[in-house]
Each structure stands twice: as structure tokens, then as C-alpha cells.
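Written below as C-alpha cells is the structure these notes are about.
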Amino acid sequence: MDDVSQFVLYTGHMKKINFGLMCRQIRVSKGLSQKEVYLGVMSRSYYAAFEHGDYNISAEKLIAVVANLRLTMAEFMFIARGDQSSAPDQLRYQIYVLYNRWNLDELMAIFERYRHSDDQLQRFNAILAYALVYITSNHSLKMNTAPIDELRLYFTNLKTWTLSDAETASILLSLFHVQPVQEGQHIFDEIVSTIHRFTALYDRANDLASTLANAYLAWLQTLLIEHHYQLAHECIAQMETETMFDQNMEAVVIRRLADILVRLYDDYPQAKRDGDNLLNWLTALRYGQANMLIAIFEVHKLRGQTHYERHSARKSAH
């Protein structure tokens, strides 16, 4: 979109908003002079006309003006919508609230309501709701995987990743059991690089460390379940280099558990003892994620023991 000042947004009251007039309102409310806003972007006369709604400006100039107003574009658009998030953002927030409450019926209702929406973002959110039910439901084996495959293809073909994409993909990563494994590896690599990129831009290192650690854990489990043990070891080695984990307790705990999960397949007796000790300690601390981590450990404890005993039996036979 080249010309944006005349681009019309509609709030819940269907009131038209002009970007130039809105910039003037924000500037005045902040006590900024016109010069502080237009300097380095455009001439005084052109900016004055823009503020009065007489001229259009390019998207690049609008972004620069918003920065001079000391706002992010997200904040600017929030104000433009009448202090409301966009409809897709509101729906996504609702989906995560329902997921955290394990309200699967409502999530499926959202899927049915928006699955065929004309709005692409709403359709994406509908599939996200379905995928979260798939993760949580005991009846996932009876659910159609077509929506999951649609999400996987979306992330596989995505050219420009946002932080929202990375956070969503990290939640769903354990669903992407794909062949060849390089396709899933590509998605995981994009999650890691995107989170690192946004850590450099925003002061959210602590939150993003948790997101990244959980992405590692999800991908590691996929590798172990699909018997890609060498890649699992490489994943652990990469995880050890993540210095952003060092100041985040959740990330430190997940990194420790991840190492134990891989070792269950190589040295089951010692890894089981280490896992039991870690999880008993977390339970005694009443650590919030202890139950989830215990469930993950139990799954891989059984699989790891089977793999270890078979591998040991082969060694003995030779």
C-alpha cells in the first residue's frame, strides 16, 4: 500500500479515521512540536498538510512519523481501532484462554464458526483452535489431520516469519511428524532464528527464553518419537549454546530435562535416576510445570527403556 494517510479504518462504531488527523491528535496530546515529528521525514509544509488530511504519504514515511511520535506501529494501530485489538488478534487471545482452561468444546465451536471465513487470519485461527484440541484431546487419533497438514504447509512455505508465527509454531511443533524430517527441521530452525531476531529488537528476553526452550523440547520429542537419535543429540548440543536460557529458571529446567530425555535412550539406568531426582525436586518446590514435565518424562521413560534394552541385547549378541 503506497498511500496510507487516506486509508480508512473502522472502529466498532464505524467511524472513519484519517491517519493524518490521528497523528496530529497524538502529537498534541504528547506535547510534541510539528518539527519533532516531521524532522528527517518530510518538509514542514507537507507534514502540516498531511496533519490536516490534505495529502497522502507513503507507508515508509508513516512508519517514520509514528516512530517520531514515540509509538510502535502496533500501538498506533491499537489507537486507530479505538483502543481495541484487531478481530483476529482478539480471537487468537480467546483461543489461548480457552486452551489454558482446557475448554475443548468451545475451541471446536470456534473452528466450526470460522473454518470457512472470508478472512484468511480468521481461518488460520480456526485451524489453530483445532490443532490445540488435537494436542489436548484423548480422541486425537479419531480426528482428521487435514487441518494440521494445512498449518504445517503454511509454516513450511512461510517466507517472512513474525514473532507471533514463531510462538504459534512452537506450540504446534510436536504435531508436525513429517517425512522427510528436513521439513520439520526447517520449521524448527525458523522458530529459533525468529525468536533470536526479536530478542534483539524487544526487551522480552525472559519471556522469549521460555518460548524458545519449549520449542526445543517439542522438537526434541518429535525427533525421539521418530527415532532420529543423532539429530536429537545435535538438538541437545545446540540447546547447550543458548546463553539466553541461563537467567530463566523454566528454560534451565527444560534444558536439564531435555538432556535426560535423550540419555534415556542411551543410558537408561542413570538417566532414569537423574530424571526422578529432578522431578522429585521440582514437585517438592511445587514448580508450576512439574506435572507436565512428569508426563513427558513418563512417555520417554517407557520408550527409552525399550530402546536401551534392545540396543543392549544386540551388543550382547555380538
Side-chain angles (χ1 to χ4, degrees), residues 1-95 114 117-126 128 154-155 157-169 190-191 193-205 207-208 211:
M1 185 186 304
D2 292 324
D3 296 323
V4 292
S5 69
Q6 298 300 320
F7 177 78
V8 175
L9 294 173
Y10 291 88
T11 67
H13 303 291
M14 299 301 291
K15 179 181 177 182
K16 293 182 179 181
I17 298 177
N18 179 282
F19 282 177
L21 297 177
M22 199 177 93
C23 285
R24 181 179 185 280
Q25 292 170 356
I26 295 172
R27 178 182 64 76
V28 171
S29 71
K30 283 178 164 284
L32 299 171
S33 68
Q34 283 192 344
K35 185 176 182 180
E36 288 176 289
V37 179
Y38 72 71
L39 193 64
V41 182
M42 65 188 81
S43 68
R44 180 193 62 79
S45 59
Y46 200 96
Y47 180 75
F50 164 67
E51 274 200 352
H52 284 87
D54 297 334
Y55 289 126
N56 299 332
I57 63 173
S58 68
E60 182 180 4
K61 283 185 169 57
L62 178 63
I63 292 170
V65 165
V66 170
N68 285 347
L69 287 170
R70 300 165 194 171
L71 294 172
T72 66
M73 282 303 296
E75 291 170 327
F76 183 78
M77 296 304 294
F78 182 76
I79 294 170
R81 297 186 185 101
D83 293 343
Q84 292 183 353
S85 299
S86 67
D89 286 344
Q90 291 178 36
L91 180 60
R92 178 168 296 199
Y93 175 77
Q94 181 186 1
I95 286 169
Y114 295 102
S117 170
D118 293 334
D119 187 319
Q120 185 179 23
L121 288 176
Q122 297 293 52
R123 291 199 307 275
F124 180 89
N125 283 331
L128 171 62
Y154 167 81
F155 287 117
N157 297 321
L158 191 60
K159 301 302 182 185
T160 302
W161 283 65
T162 66
L163 184 57
S164 177
D165 290 322
E167 290 175 327
T168 301
E190 290 292 343
I191 292 171
S193 63
T194 300
I195 290 176
H196 277 290
R197 178 161 53 90
F198 278 88
T199 301
L201 290 174
Y202 300 111
D203 186 20
R204 284 193 54 194
D207 290 341
L208 293 180
T211 300

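Taking the side-chain contact (heavy atoms from CB on, under 4.5 Å) definition, one finds that Ile63 meets it with Met73, sequence neighbours left out. Listed by chain and residue number, nothing satisfies the ring pair (Phe, Tyr, Trp, His ring centres under 6.0 Å) test with Tyr93 (two or more places apart in sequence, or in another chain). In terms of the side-chain contact (heavy atoms from CB on, under 4.5 Å) criterion, residue partners of Ala49 (sequence neighbours excluded) are, by chain and number, Asp54, Tyr55. Scored by the side-chain contact (heavy atoms from CB on, under 4.5 Å) test, Ala169 finds Phe155, Trp161, Ile187, Ile191 as partners (sequence neighbours excluded). Evaluation of the side-chain contact (heavy atoms from CB on, under 4.5 Å) rule for Arg123 yields Ser117, Gln120 as partners, not counting sequence neighbours.
Leu69 has its side chain within reach of Cys23: a pair of non-hydrogen atoms, C-beta onward, lies under 4.5 Å apart. Using a 4.5 Å cut-off on side-chain heavy atoms (C-beta onward), Ile79 and Leu71 make contact. The shortest distance between side-chain heavy atoms of Asn56 and Phe50 does not fall below 4.5 Å. Contact of the Asn125 side chain with the Gln94 side chain is not registered, since no non-hydrogen atoms from C-beta on lie closer than 4.5 Å. The shortest side-chain heavy-atom distance between Leu208 and His196 does not fall under the 4.5 Å cut-off.
For the residue pair Thr168 and Asp165, no side-chain donor N or O sits within less than 3.5 Å of a side-chain acceptor on the partner. In summary, the side chains of Tyr38 and Asn68 do not present any donor paired with an acceptor at a separation below 3.5 Å, with no hydrogens or angles considered.
Across every non-hydrogen atom of Glu190 and Ser193, the tightest pair is O-OG, 3.2 Å. A pairwise comparison of heavy atoms in Ile57 and Lys61 identifies CD1-C, 4.0 Å as the closest pair. Taking each heavy atom of Val41 and Ala64 in turn, the nearest pair found is CG2-CB, 3.7 Å. Residue Tyr47 comes nearest to Val65 through the heavy atom pair CE1-CG1, 4.1 Å, listed as atom of the first residue, atom of the second, then distance.
Ring centers of Phe19 and Phe76: under 6.0 Å apart, within the cut-off.
One distance of note links CD1 of Ile95 with OH of Tyr114; it measures 9.0 Å at 0.5 Å rounding. Separating the CE atom in Met22 from the CG atom in Asn18 is a distance of 9.5 Å, to the nearest 0.5 Å. Here the straight-line distance linking atom CD of Gln34 with atom OG of Ser45 works out to 10.0 Å at 0.5 Å rounding. A distance of 8.5 Å separates CG of Leu128 from CG of Leu91, quoted to the nearest 0.5 Å. Of the inter-residue distances, the one linking Thr162 atom OG1 with Glu167 atom CD reads 8.5 Å to the nearest 0.5 angstrom.
Each salt bridge (Lys or Arg N to Asp or Glu O under 4.0 Å) pair with one or both residues in residues 26-49, not counting sequence neighbours, appears once here: Arg27-Glu51, Glu36-Arg70.
Using a distance-only test at 3.5 Å, with no hydrogens or angles considered, no donor-acceptor pair links the side chain of Gln122 to the main chain of Asp119.
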